[in-house]
Amino acid sequence: MEVRRRFQQRAPVASPSHGGLARRPSAGPAARVQASDALPLPIRHTNLLFSAFFVGSLVFLMRRWREKVRSSIPLHLLGLSEIFAIVGLIASLIYLLSFFGIAFVQSVVSSHDEEDDFLLSGTAPAAPVSSPPPAAICPLLRTDAAAPAPQKSPEVTADDEEIISSVVAGKTPSYALESRLGDCRRAAGIRREALKRITGRAFDGLPLDGFDYASILGQCCELPVGYVQLPVGIAGPLLLDGRQHYVPMATTEGCLVASTNRGCKAIAESGGATSVVLRDGMTRAPAVRFPSARRAADLKAFLEEPNNFETIALVFNRSSRFARLQGIHCALAGRNLYVRFSCSTGDAMGMNMVSKGVQNVLDYLEKDFDDMDIISISGNFCSDKKPAAVNWIEGRGKSVVCEAVIKEAVVKKVLKTNVPALVELNMIKNLAGSAVAGSLGGFNAHASNIVSAIYIATGQDPAQNVESSHCITMMEAVNDGKDLHVSVTMPSIEVGTVGGGTQLASQSACLDLLGVKGASLDTPGANARRLASVVAGAVLAGELSLLSALAAGQLVKSHMKYNRSTKDLSKSAS
């Protein structure tokens with residue numbers, strides 16, 4: 001049984017004309033709490049209100065106290081207006097400190113803790129990466145002589161030689177170089193040279209310069225020795241909910257961007273696609289153990305009691321100003337209890353946020369259930385980065401459905417096939433074929449391709465492609481069998497526009513291209529939900545194009561043309 005908030009009466013409603021979510025009163029008590037419910041007003045309006053309140057109260061009190069000093073009136077004698085001003089000053093000061101000071105405090109805490117907070121507003125922006133001058137348009141068949149020379153390791157200076165020798169000898173730990181040197185680029189270079197001497201491998205083709213290593217310190221990657229280059233292609237425009245999006249895709253698979261681009265063209269020429277975000281909630285499920293199954297059942301009953309939800313939600317929501325507990329789902333296995341918490345996370349993907357809220361609740365429960373043994377903050381009932389039926393059925397992150405009606409003329413002209421062939425292929429391949437294979441959430445042609453490419457380009461966690469690619473593609477003939485209705489339903493798209501790799505220069509630029517960079521100032525969570533809709537829209541385009549290629553027998557031909565190297569490998573080897 002799932003416990004849900006009873007006092008919240010708002011639910012998301014699709015707004016195709018605005019391409020996002022509108023809010024209206026829900027008809028039932030099971031409405032989920034949305035990130036936009038975190039504050040009664042848009043954030044920027046609330047900030048301005050409390051800032052003005054703080055300055056006004058301070059100015060008023062200073063003037064009153066100056067008059068008292070001049071009139072020799074004791075300062076501790078307060079009038080009603082002064083009491084109100086002091087209360088307003090303290091209240092606004094608490095709000096402003098909690099809003100603007102949390103980033104600084106958490107940045108200090110995160111230097112001593114393995115968990116980094118989702119909020120990055122206090123982090124300095126990454127330095128822009130300088131780009132080489134544009135080269136001339138390359139010929140279709142490029143020779144090895146025209147290929148760029150691999151980047152070689154820079155010369156080792158005398159100052160670094162002693163440190164490198166110490167790292168090689170094991171006297172200086174490699175992970176401590178950044179903190180000891182205070183120069184992230186220099187630390188990466190020294191670590192790289194030490195690794196070269198230890199392994200005897202040069203790895204000259206791995207670039208070192210041209211990357212801001214300070215931007216990943218303590219949050220993205222440890223022990224860096226370089227960075228990997230990936231080409232980014234653009235598919236689009238994707239006409240989704242009345243807005244055009246140019247979708248960045250980082251991939252090394254030939255035909256993928258071109259195929260998705262063709263799907264975008266078919267969607268645009270048919271009037272565009274529409275999307276609906278059905279659910280928005282990240283999950284974490286700790287595993288706890290009791291001396292007996294009866295005691296585990298007692299905690300299960302306590303957590304599932306609706307009257308207890310308000311107290312648990314209050315404890316959980318202390319972890320963040322965006323985290324809002326939505327529901328609790330318990331599962332029992334012997335004397336082990338798995339508790340799946342679901343909460344809204346604003347524009348962050350939210351794993352750290354929900355984990356902190358769960359820890360608060362566990363600390364609270366230990367007071368009344370002192371025989372509870374916390375086995376793990378994550379008991380795999382979440383379920384993160386693993387294919388699981390709970391995500392397929394209940395959803396995790398953003399649950400999105402995206403649909404479009406492709407006109408018959410577009411199917412023939414752009415997709416080079418016909419409606420009956422597509423409907424039959426989808427049924428036999430995506431539905432029946434996946435069922436025969438015993439697929440879990442894999443009732444699609446290649447959703448994972450598009451999800452992975454967009455995730456890498458926009459700084460998402462690529463490993464969450466596992467559950468984020470859960471998708472069922474549906475196709476049917478409409479309008480007297482002339483046109484094609486196509487849809488993708490994706491219950492667990494896990495994305496964020498703040499935190500993690502989204503703050504890196506390249507990934508931030510890709511998010512900016514989509515118009516979803518950073519946190520939404522008006523409605524917390526709006527940017528992340530929009531990104532999830534774009535992912536679903538791009539998957540819709542990719543499914544449409546690949547299935548058309550299969551129906552027309554073009555798949556092998558196109559891959560042989562665009563996804564095969566024309567280099568003479570015998571010459572390269574020599």
Side-chain angles (χ1 to χ4, degrees), residues 14-17 19 235-245 247 255-256 258-278 392 399-437 439 441-450 469-491 533-558:
S15 179
S17 60
L238 170 65
L239 183 57
L240 179 65
D241 299 325
R243 296 166 56 182
Q244 288 188 341
H245 297 278
V247 184
C255 295
L256 180 59
S259 178
T260 308
N261 191 62
R262 183 174 74 150
C264 290
K265 181 180 180 182
I267 291 172
E269 292 191 5
S270 298
T274 57
S275 67
V276 180
V277 179
L278 304 174
W392 177 239
S399 299
V400 185
V401 59
C402 186
E403 64 179 347
V405 175
I406 310 301
K407 298 177 182 178
E408 180 185 28
V410 175
V411 173
K412 293 180 179 179
K413 177 185 175 182
V414 178
L415 302 178
K416 311 298 183 184
T417 185
N418 58 75
V419 173
L422 283 172
V423 173
E424 181 183 39
L425 174 63
N426 184 71
M427 180 185 66
I428 296 176
K429 171 183 167 61
N430 286 344
L431 304 184
S434 295
V436 169
S439 178
F443 298 90
N444 58 83
H446 72 148
S448 178
N449 255 336
I450 290 88
S469 295
H470 282 348
C471 171
I472 182 169
T473 300
M474 302 293 292
M475 288 184 174
E476 59 182 307
V478 295
N479 300 331
D480 297 326
K482 294 181 180 180
D483 300 333
L484 176 73
H485 181 277
V486 55
S487 68
V488 293
T489 303
M490 306 179 69
S533 293
V534 170
V535 171
V539 168
L540 182 72
E543 290 287 282
L544 190 60
S545 184
L546 176 57
L547 289 172
S548 298
L550 290 170
Q554 298 172 340
L555 180 67
V556 175
K557 180 180 178 181
S558 61

Please tabulate, one pair per line, all N/O donor-acceptor pairs under 3.5 Å involving side-chain atoms of residues 419-431, not counting sequence neighbours.
from: N426; atom 1: OD1; to: N430; atom 2: ND2; distance (Å): 2.7
from: N426; atom 1: ND2; to: T473; atom 2: O; distance (Å): 3.1
from: N430; atom 1: OD1; to: A445; atom 2: N; distance (Å): 3.3

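Scanning both residues, S275 and D241, for their nearest heavy atoms gives OG-OD2, 2.6 Å. Summarising the geometry of W392 relative to C471, their closest heavy-atom pair is CZ3-N, 3.7 Å, with the distance given to 0.1 Å. Of all heavy-atom pairs between F443 and S434, the closest is CD2-CB, 3.5 Å. When all heavy atoms of S533 and V277 are compared, the closest pair comes out as OG-CG2, 3.7 Å. Taking every heavy atom of both residues into account, A266 and I406 meet most closely at O-CD1, 4.0 Å. Between K413 and K416, the shortest heavy-atom distance links the atoms O-NZ, 2.9 Å.
For the side chain to side chain donor-acceptor pair (under 3.5 Å) test, residues two or more places apart in sequence or in another chain that qualify with N479 are D483. The side chain to side chain donor-acceptor pair (under 3.5 Å) search around S448 returns N465, not counting sequence neighbours. Judged as a salt bridge (Lys or Arg N to Asp or Glu O under 4.0 Å), and not counting sequence neighbours, K482 has no contacts. Listed by chain and residue number, nothing satisfies the salt bridge (Lys or Arg N to Asp or Glu O under 4.0 Å) test with E403 (two or more places apart in sequence, or in another chain). Checked against side chain to side chain donor-acceptor pair (under 3.5 Å), S399 has the following partners two or more places apart in sequence or in another chain: R279.
Under the 3.5 Å distance criterion, the side-chain polar atoms of T417 are left unmatched by any main-chain donor or acceptor of A552.
Note that OG of S545 and NZ of K265 are 11.5 Å apart. Values are rounded to the nearest 0.5 Å. Annotation: the span from C255 atom SG to N449 atom CG amounts to 11.0 Å, rounded to 0.5 Å. Between C264 atom SG and L540 atom CG the span is 9.0 Å, to the nearest 0.5 Å. In this structure, CE in M475 is found 5.0 Å from CG in L544, a value given to the nearest 0.5 Å. Taken from CG in L415 to CD in E408, the straight-line distance is 12.5 Å, to the nearest 0.5 Å. Within the model, atoms CG of L484 and CD of E476 stand 9.0 Å from one another, a figure rounded to the nearest 0.5 Å.
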Open item on the list: Using the rule given for side-chain contact (heavy atoms from CB on, under 4.5 Å), can you reason through V486 versus E543, listing the C-alpha separation, both sets of side-chain angles and the distance that settles it, and then say yes or no?
Closed with: CA-CA 9 Å; V486 55; E543 290 287 282; 5.7 Å; no
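Between V488 and N444, every side-chain heavy-atom pair lies at or beyond the 4.5 Å cut-off. Proximity of V247 to T260: side-chain heavy atoms (C-beta onward) are nowhere separated by under 4.5 Å.
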